[in-house]
Amino acid sequence: MEITYLEAIRQALWEEMDRDERVFMLGEDIGVYGGAFKITKGFLDKFGPERVIDTPLSESAIVGAAIGAALMGMRPVVEMQFADFIACAFDQIVNMAAKHHYRIGEPVPMVIRAPYGGGIHAGPYHSQCPEAWFFHVAGLKLVAPSTPRDAKGLLKAAIRDPDPVIYFEHKYLYRHMKGEVPEGDNVVPIGKAEVKRKGSTMSVIAYGAMVEQSLAAAEKLVPEGIDLEVVDLRTLQPLDMETILTSVKKTGRALVVHEAPKTGGIGGEIAARLAEEAFRFLDAPVVRVAAPHIPVPFSPALEEMYLPNADKIALKARELANF
Amino acid sequence: MEITYLEAIRQALWEEMDRDERVFMLGEDIGVYGGAFKITKGFLDKFGPERVIDTPLSESAIVGAAIGAALMGMRPVVEMQFADFIACAFDQIVNMAAKHHYRIGEPVPMVIRAPYGGGIHAGPYHSQCPEAWFFHVAGLKLVAPSTPRDAKGLLKAAIRDPDPVIYFEHKYLYRHMKGEVPEGDNVVPIGKAEVKRKGSTMSVIAYGAMVEQSLAAAEKLVPEGIDLEVVDLRTLQPLDMETILTSVKKTGRALVVHEAPKTGGIGGEIAARLAEEAFRFLDAPVVRVAAPHIPVPFSPALEEMYLPNADKIALKARELANF
Amino acid sequence: MPGLDLTPVELLKIYYYLKLTRGLEQRVITLYRQGKIIGGVYISAGEEAIAVGSASALEPDDVIAPTHRDLGANLMKGITAKEYLAQYLAKRTGLTRGRDGNVHYGDIRRGVIGFISPMADLLPVAAGVGLAFKLRRERRVVAAFFGDGASSRGDFHEALNFASVMKLPVVFICHNNQFAYSTPLQKQMAVENIADRATAYGMPGIAVDGNDVLAVRAAVAHAASRARQGEGPSLVEGKTMRMRGHAEHDDASYVPPALLEEWRKRDPIDRFDAYLREQKILDDITAKEIAERLSKEIEEAVSFAESSPFPDGTDLLEGVYAS
Amino acid sequence: MPGLDLTPVELLKIYYYLKLTRGLEQRVITLYRQGKIIGGVYISAGEEAIAVGSASALEPDDVIAPTHRDLGANLMKGITAKEYLAQYLAKRTGLTRGRDGNVHYGDIRRGVIGFISPMADLLPVAAGVGLAFKLRRERRVVAAFFGDGASSRGDFHEALNFASVMKLPVVFICHNNQFAYSTPLQKQMAVENIADRATAYGMPGIAVDGNDVLAVRAAVAHAASRARQGEGPSLVEGKTMRMRGHAEHDDASYVPPALLEEWRKRDPIDRFDAYLREQKILDDITAKEIAERLSKEIEEAVSFAESSPFPDGTDLLEGVYAS
Ligand SMILES: Cc1ncc(C[n+]2csc(CCOP(=O)(O)OP(=O)(O)O)c2C)c(N)n1
Ligand SMILES: Cc1ncc(C[n+]2csc(CCOP(=O)(O)OP(=O)(O)O)c2C)c(N)n1
Ligand SMILES: [Mg+2]
Ligand SMILES: [Mg+2]
């Protein structure tokens, strides 16, 4: 049965809460209200106010408290109301959560759910893709599913993982994206990319909402004889270079796509790694499609110009194919 | 006359405070104590407690207050006691300061001085290089001088700049690095890299403490006939791609060096840009020398293994020369 | 009794702005239902007295740092109905030219710091505005608004502490509307009054009936005059009730209907209307005249906003920096 | 009178830990002067009673979240003198195996959360520890320490608010040693007592003579028993004085000598020594016996630390993640 990306997240949370009583959730308006996006609707009734905690508006305390609970063996799942506000908890994440295991050797099993991304006409403060802020920080795992199946399986993996995981769930996909999700307790391992479409002309490396756009670009290009292989990273940290390299060595060309601004985005790292590790296999420069270096603009026409999409990907892919 | 990097910073602050009464400083222990690194020693006596403000221990308020004062036409200069604690002000910097001009069209002329970097046996919380956290954020300017001359000239430029500038001053260089500083009001423009050593074998692109190490590597390699061109970025945002490209197009090889961890560092962006913009000129992959993806370790032997240095740069340069 | 110091003209000005606020927001709700608004809609109906009462107590060159339910204060500072509606329609003629939306606008020349989403972020910024006034010996005051929810954030604490230690001319004004999104007060704080928190900063704190525009005005006027005389900041809490959803998509079914019923009887505009009639300052004729003026202003604003062009994005990439 | 509930053995245990703390830190100062310490040295001399008195009031399975002047509490929780000194010497046998330094260590199995530099960061974490206890119906308490300086940070506010709203079993314990680095109280806050800030969170706040170990013990014991009974958190402020520099490099010339003189007379160990003698619990013979035990423990620790190997870095890249 097809379910939405949102429903997949909901199911993963529900099943994990059900499976393991150490799992609990905390965040703003997640209880009575069921969350700004209604992902945790019904959880309060089922699991009670101790495991579905409506907190005061204080991201740093929420994340800090999750760290403390995790250190005591609980499995907290934090909901940021919008990923943009994760900036308010930045210090706790990068200085406390991320470094603890390396320094002290104790696990910090916690998940921060970060509803991120644009395409919903919400402007500079409700549309950001902040994954690159954390990509540089050793000790965090970052996942960013693109389909309901991965959304469910990766969230389960994240909750079971002994390390702090930031789970980037794309707001645009919540209700737009539907797909099959396997029955049962299906866990998608952290650290494994997946080829979402096989192709021969070039490898498109994408994640989050850009996977769908890349797949759409691929369809557009079929009549032109351009055959995209679409690699969905799924996990951003640690990067699955093996899958990326296997694909790029085969196709000889790589196009990296992300919704976040290009400058300083994860695409730069991937391009650099490809140059370092697959230079002899590259028939053309690694090319990136990403947002420009500006805040996410609000007005729909501006946002459309801002966001990468299938057309922009196809355009670059065409150029790259002809390089 | 040769002065230290620290003295250069001090002079720039002093001269700017003297020149423009809108300039004032705020931070922890900068007044009576003269700052954790004694950079503002003597300022309180000269400029008084209103322009040299000892604040409570609250980085977010300090940065927020600087933003407010800047909006009213002042020229605040914030001292972070250590760059590591800039994480506590992250939200104010990325959400308020950075986006204001794009959104509202009003300038936010302020400087955050961030004493950063390792090599002083200070461990994970007093050694970080956090520039990449901000590199991805549109609206900030980032500078990272490597010499007393640039330290002085860039700080003057930063204070006069109408935008929020994070000034990364390297703690290791404070007293280690000496150099000539021109007489008079010498401003080093933001956005301009500088070739610190001409060479032909490859371009080494570095900044901060790694410039000195790259120059030392260059000397080591002279007997081997390897002739490094060392490009000092000086400004990280906006990147001076023109200078970088000119150098790399000439040498055909590029080695990017930074002290921050490699993964998600600025080097990835530079490597990616070079691939995008100078692919045909590259005789070899762009290679990076940077720290590993771990917190900055404390014990001296560990820190030495962690930090890039002249030997490690020379090693990679040799490999790249022989590619 | 508060209000006795005001002339009929001044009282009618307050009346006008209360009604303009209510009327404009009603119009926005209609436009929202018609699908003409981009993004969310934040309404201050029922708590207009806090914004208007506060702003009416300020001098023309005072500054405000509004929160998202301060339309009344913004209008009094000179933001026009046209600009307000154009902003909601994401038009080029909005104050952010479509770059940001709804309540995220400002204009420093008119003394309005542009609001941003992360709650409480503007409180340290306001402290900085006050700091600029203090350093320049200007007898100006800044009024900084925030919600009950925002008072849980670290920036609230840091800002009030900072302002108090430095005796800055800031009036902190809380809309205590009993909910932060869906979260009622008792889940946000374990104190009765937000004003009680002033104790922690050694500043005066006063709770007033937030639905009594003259009571609000009196409290803010008193606090502002203290601030202007160099006696430092104060905290004024206006007790009120959020009469609609958090934003218009929210049906606020979590709010007990009886609570709304009770507060509906205390509607600040009805009460002020009655007061003015009692004082013989308002009669049916004047009321009708004012209603006509309002209706004209609002409908002109609607026409203006609707007929304004959307931004075309030609300058999409410009203005990230001031230089 | 506090202390009357304690047996001589218990009182002598407190005495022992006070002396052990003093003695170990004295030894660290010597090692520092000999150049054997890596990095900074943070001393709690003169304020040992806060750490020791507090920890003495806890049950074995209670947890502490120490700050940087809590050696006494850490020792009482089972951190050994050997581990402590090995940490200062950056040895492999330190609790962080040389990965972090000086006061940055912990061991959750012994109930010590590893301290990190950003002041107040451990307060939300402690709230989370308390949350875990509450959710699991464990009658355990967490004691969270911080300085006067740390109380200016947002995380202090968010943590105390969060803990109070949720009635978590946390005792917040402030070392009010009158300075944050060089910054005296009056530049940090506009209130007399940090304990007064408890009002803002609806929790009990009590200021005690921080140099009276039994007074501290009594206040913390009372707060802990409240917490254990589900009555929520408290704030205990110990009034004390930082008798040395912020760290050993700091000569603290900004501290009025008369202030130090005054506080030297209130030395907590001298006072407790006198009290015990008065109570006939301590005499010269016992004192000498204890001094010998201490000296042995300390010198063994020094030998251990000095003869321990430095980390060799073979596992430098390992342990960033738990899996
Ligand atoms: C730091 C931060 N976290 C979360 C949000 C999402 N959010 C927007 S408004 C709001 C509630 C604000 O409550 P309050 O301050 O009482 O203002 P009110 O809406 O009641 O006027 C929340 C949680 C935000 N804007 N900023
Ligand atoms: C967030 C943060 N900012 C700045 C510092 C640098 N710093 C270390 S200790 C200290 C003073 C702390 O004062 P207090 O909390 O009173 O503790 P004390 O040292 O007096 O015991 C400062 C400013 C820090 N560690 N963390
Ligand atoms: Mg509210
Ligand atoms: Mg102190």
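FYI, side chains are in, hydrogens and waters are out, and symmetry mates aren't considered; it's all heavy atoms of this structure. Every chain is numbered from 1 and lettered A, B, ... according to where its sequence line falls, protein lines coming before strand lines.
Side-chain contact between C:Arg137 and B:Glu50: present, with at least one pair of heavy atoms (C-beta onward) separated by less than 4.5 Å. At least one side-chain heavy atom of B:Asp163 sits under 4.5 Å from a side-chain heavy atom of C:Ser323.
The contact between C:Leu316 and chain B is made by backbone and side chain atoms together, counting heavy-atom distances below 4.5 Å. In this structure, chain B has no heavy atom under 4.5 Å from any part of C:His157. Heavy atoms closer than 4.5 Å to chain B are found in the side chain of C:Asp155, but not in its backbone. With a 4.5 angstrom heavy-atom cutoff, B:Leu140 touches chain C only via backbone atoms. If you measure heavy-atom distances from C:Ile108 to chain B, the contacts under 4.5 Å come from both the backbone and the side chain. Contacts between C:Phe115 and chain B at a heavy-atom distance below 4.5 Å involve the backbone alone (N, CA, C, O). Of the two parts of C:Val63, only the side chain, counted from C-beta on, holds a non-hydrogen atom closer than 4.5 Å to a non-hydrogen atom of chain B. In this structure, chain C has heavy atoms under 4.5 Å from both the backbone and the side chain of B:Lys141.
For CD of B:Glu242, the number of neighbouring non-hydrogen atoms (other residues, nucleotides, ligands) closer than 6.0 Å is 12 at most. Surrounding NZ of B:Lys41 are at most 12 heavy atoms belonging to other residues, nucleotides or ligands under 6.0 Å away.
Under the 3.5 Å distance criterion, the side-chain polar atoms of C:Tyr321 are left unmatched by any main-chain donor or acceptor of B:Pro107.
Interatomic distance, CG of C:Leu160 versus OG of B:Ser58, reported as 11.5 Å (0.5 Å rounding). Rounded to the nearest 0.5 Å, atoms CG (C:Asp121) and CE (B:Met96) are 8.0 Å apart. The distance from atom CD1 of C:Ile113 to atom CG of B:Leu71, rounded to the nearest 0.5 Å, is 5.0 Å. With rounding to the nearest 0.5 Å, the separation of CD1 in B:Ile104 from CD1 in C:Ile116 is 9.5 Å. Residue B:Glu59 holds its CD atom at 7.0 Å from CD of C:Glu158, rounded to the nearest 0.5 Å.
Smallest separation of non-hydrogen atoms from C:Pro124 and B:Gln92: CG-NE2, 3.5 Å. Here the closest heavy-atom approach between residue B:Leu26 and residue C:Phe162 is recorded as CD1-CZ, 4.0 Å. The two residues B:Pro56 and C:Val165 have their closest heavy-atom pair at CG-CG2, 4.3 Å.
Across B:Ile67, B:Asn95, B:Thr55, B:Asp91, the residue that shares the most heavy-atom pairs under 4.5 angstrom with chain C is B:Asp91. Of the residues considered (C:Arg136, C:His104, C:Glu318), C:Arg136 shows the highest number of contacts with chain B, using heavy-atom pairs under 4.5 Å. In terms of non-hydrogen atom pairs under 4.5 Å with chain C, the most contact-rich of B:Ala138, B:Pro76, B:Gly139, B:Pro238 is B:Gly139.
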Could you walk me through whether C:Arg140 and B:Met72 pass side-chain contact (heavy atoms from CB on, under 4.5 Å), step by step? CA-CA 12 Å; C:Arg140 295 162 73 185; B:Met72 299 315 293; 3.6 Å; yes
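Residues of residues 264-278 of chain B placed with any heavy atom under 4.5 Å of a heavy atom in chain C are absent; none qualify.
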Would you list the atom pairs, donor with acceptor, under 3.5 Å between side chains in residues 125-134 of chain C and any protein atom, with sequence neighbours excluded?
from	atom 1	to	atom 2	distance (Å)
C:Lys134	NZ	C:Met166	O	2.9

